[in-house]
Amino acid sequence: VVPFVALLLLQRRPVAGRALLVTGSSCPGHGLCRSNVQEQTRRQVALLNATAQDLFSLYLKCQGEPFSSEADKLCNPSGVVFPPFRVNRTSERKEVMVAMYQLFAFLNASLGNITRDQEELNPTAKELLDRLHNTTKTTRGLISNLTCLLCKNYNIFQVDVSYGESSKGKGTFRKKQQGCQVLRKYVQVIAQAARVLLPHLSPP
C-alpha cells in the first residue's frame, strides 16, 4: 500500500496546504491493497482511540509545571482548528472515508510537529518519544489504508487537505502549549471519528 500514498500526501508538512479532490479513469496502485485492509483500518482507528488519552496524559507529565497543574487552562483546544468533521454514522461511506483521510492527514502532520519539538525540548523523555513515534507510525499506516480504500472503491486519488500551524520559531512555552492543545483536541476528535468510522468498517 505504501508506494502510492504520496499521491494523496502531496504536501505533507505541518503548515497550511491543499491538494485538489479529483477522480480519474484509473487509480494507480489500488491493486496493492491487502486482502484484510478494511479490518486493518478498523483496528488502527480503535488503537488510536484507545491510546489517545494516555498519550495526552504522558505529554502533560513530561512538560512539567505549569502544564501538569493547569492543563484545563493552558491546553484548552478552542483555538486549534482541526479539519471540519461533519459526517456521522448515517453519512455515505465515501463521504466518511474522505473526511477520515482529511482528519488523519492533518493529525499526521501535527504529530510530526509535536515530535520534532519534543525531541528538542525533552530528548531524554524516551517513553513519550516512543509513544509519539508509535502513534505516528499507526497514523501513517492508517493513511495508507485509507488511500487504498479510496482508490479501490471510489477511484479517488487526491483529497483536499489542510494542515495545522507550525511551531517553528516559537518559544519553549508556546511549543509545549501548542502540543498540549493539539493532543487534547485529538483525544476528542479521535473518539468521534471512531464512533463514526468503525460501523462503516464492521463485517456485514
Side-chain angles (χ1 to χ4, degrees), residues 2 5-6 8-19 44-45 47-85 99-144 146-147 159-194:
V2 175
V5 70
L8 284 85
L9 285 179
L10 294 177
Q11 304 179 46
R12 188 179 65 78
R13 59 185 186 278
V15 296
R18 290 195 174 276
Q44 288 165 329
V45 173
L47 175 62
L48 290 173
N49 186 36
T51 57
Q53 182 60 54
D54 285 345
L55 174 61
F56 174 66
S57 298
L58 180 60
Y59 179 91
L60 284 180
K61 178 182 176 182
C62 292
Q63 305 319 301
E65 294 295 344
F67 293 92
S68 300
S69 60
E70 298 184 44
D72 288 343
K73 175 183 176 182
L74 296 176
C75 303
N76 187 322
S78 59
V80 178
V81 182
F82 268 55
F85 195 75
M100 291 293 168
Y101 183 87
Q102 292 169 325
L103 172 62
F104 289 109
F106 178 96
L107 175 61
N108 184 58
S110 297
L111 285 169
N113 198 41
I114 293 170
T115 303
R116 184 196 66 231
D117 288 342
Q118 290 303 302
E119 287 173 341
E120 172 195 338
L121 301 174
N122 289 307
T124 61
K126 185 178 184 302
E127 184 180 1
L128 173 61
L129 294 175
D130 285 347
R131 290 278 189 97
L132 286 169
H133 285 297
N134 288 338
T135 303
T136 301
K137 183 178 179 180
T138 301
T139 302
R140 288 178 178 171
L142 176 56
I143 290 171
S144 184
L146 288 170
T147 299
V159 174
D160 183 13
V161 293
S162 61
Y163 303 112
E165 179 185 3
S166 174
S167 61
K168 280 187 177 180
K170 296 182 179 180
T172 297
F173 181 86
R174 187 66 189 98
K175 287 180 177 180
K176 290 182 176 183
Q177 183 178 33
Q178 184 170 319
C180 79
Q181 289 172 329
V182 169
L183 290 177
R184 171 160 276 187
K185 183 72 172 180
Y186 163 56
V187 171
Q188 299 169 356
V189 172
I190 188 62
Q192 181 185 2

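A193 approaches L103 most closely through the heavy-atom pair CB-CD2, 3.8 Å. Annotation for F104 and I143: closest pair O-CD1, 3.4 Å, computed over non-hydrogen atoms. A pairwise comparison of heavy atoms in I190 and A52 identifies CG2-CB, 3.7 Å as the closest pair. Scanning both residues, P66 and L74, for their nearest heavy atoms gives CG-CD1, 3.5 Å. When all heavy atoms of S68 and L60 are compared, the pair lying nearest together is OG-O, 3.4 Å. The two residues V189 and F82 come nearest to each other via the heavy atoms CG2-CD2, 4.1 Å.
For the atom pair NZ of K176 and OG of S167, the computed distance is 13.0 Å after rounding to the nearest 0.5 Å. To the nearest 0.5 angstrom, N108 atom CG is 8.5 Å from Y101 atom OH. The SG atom of C62 sits 4.5 Å away from the CG atom of L128 when rounded to the nearest 0.5 Å. Rounding to the nearest 0.5 Å gives a distance of 14.0 Å between CD of Q118 and CZ of R131. Separation of atoms CG (L183) and CD (Q188) is listed at 11.5 Å; rounding is to 0.5 Å. Residue I114 holds its CD1 atom at 7.0 Å from CG of L132, rounded to the nearest 0.5 Å.
A191 meets the side chain to side chain contact (heavy atoms under 4.5 Å, CB included) test with N49, R195; sequence neighbours excluded. With sequence neighbours left out, T51 forms a side-chain hydrogen bond (donor to acceptor under 3.5 Å, both in side chains) with no residue at all. Remark: C180 engages C75 in a disulfide bond (SG atoms under 2.5 Å apart) (not counting sequence neighbours). For the side-chain hydrogen bond (donor to acceptor under 3.5 Å, both in side chains) test, no residue two or more places apart in sequence or in another chain qualifies with T172. For E120, the side chain to side chain contact (heavy atoms under 4.5 Å, CB included) partners two or more places apart in sequence, or in a different chain, are K175. With sequence neighbours left out, K168 forms a side-chain hydrogen bond (donor to acceptor under 3.5 Å, both in side chains) with no residue at all. Contacts of T138 classified as side chain to side chain contact (heavy atoms under 4.5 Å, CB included), with partners at least two apart in sequence or in another chain: Q44, L47, L48. Under the rule for a salt bridge (charged side-chain N to carboxylate O under 4.0 Å, His left out), K137 has no partner lying at least two apart in sequence or in another chain. Shown here are the side chain to side chain contact (heavy atoms under 4.5 Å, CB included) partners of Q181, two or more places apart in sequence or in another chain: V80, R174, Q177. Listed by chain and residue number, nothing satisfies the side-chain hydrogen bond (donor to acceptor under 3.5 Å, both in side chains) test with D54 (two or more places apart in sequence, or in another chain).
Checking side-chain atoms of N134 against main-chain N and O of D130 turns up a donor-acceptor pair under 3.5 Å. When atom types are taken as modelled, the side chain of K185 and the backbone of P77 share no donor-acceptor pair closer than 3.5 angstrom.
Note on residues 71-82: pairs passing salt bridge (Lys or Arg N to Asp or Glu O under 4.0 Å), not counting sequence neighbours, are D72-R184. Residue pairs that meet the ring pair (Phe, Tyr, Trp, His ring centres under 6.0 Å) test with at least one member in residues 50-80, sequence neighbours left out, are F67-F173.
N113 is listed as a side-chain neighbour of S166, based on a closest heavy-atom distance under 4.5 Å.
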* Asked: Could you walk me through whether E119 and T115 pass the side-chain hydrogen bond (donor to acceptor under 3.5 Å, both in side chains) check?
  -> CA-CA 6 Å; E119 287 173 341; T115 303; over 6 Å; no
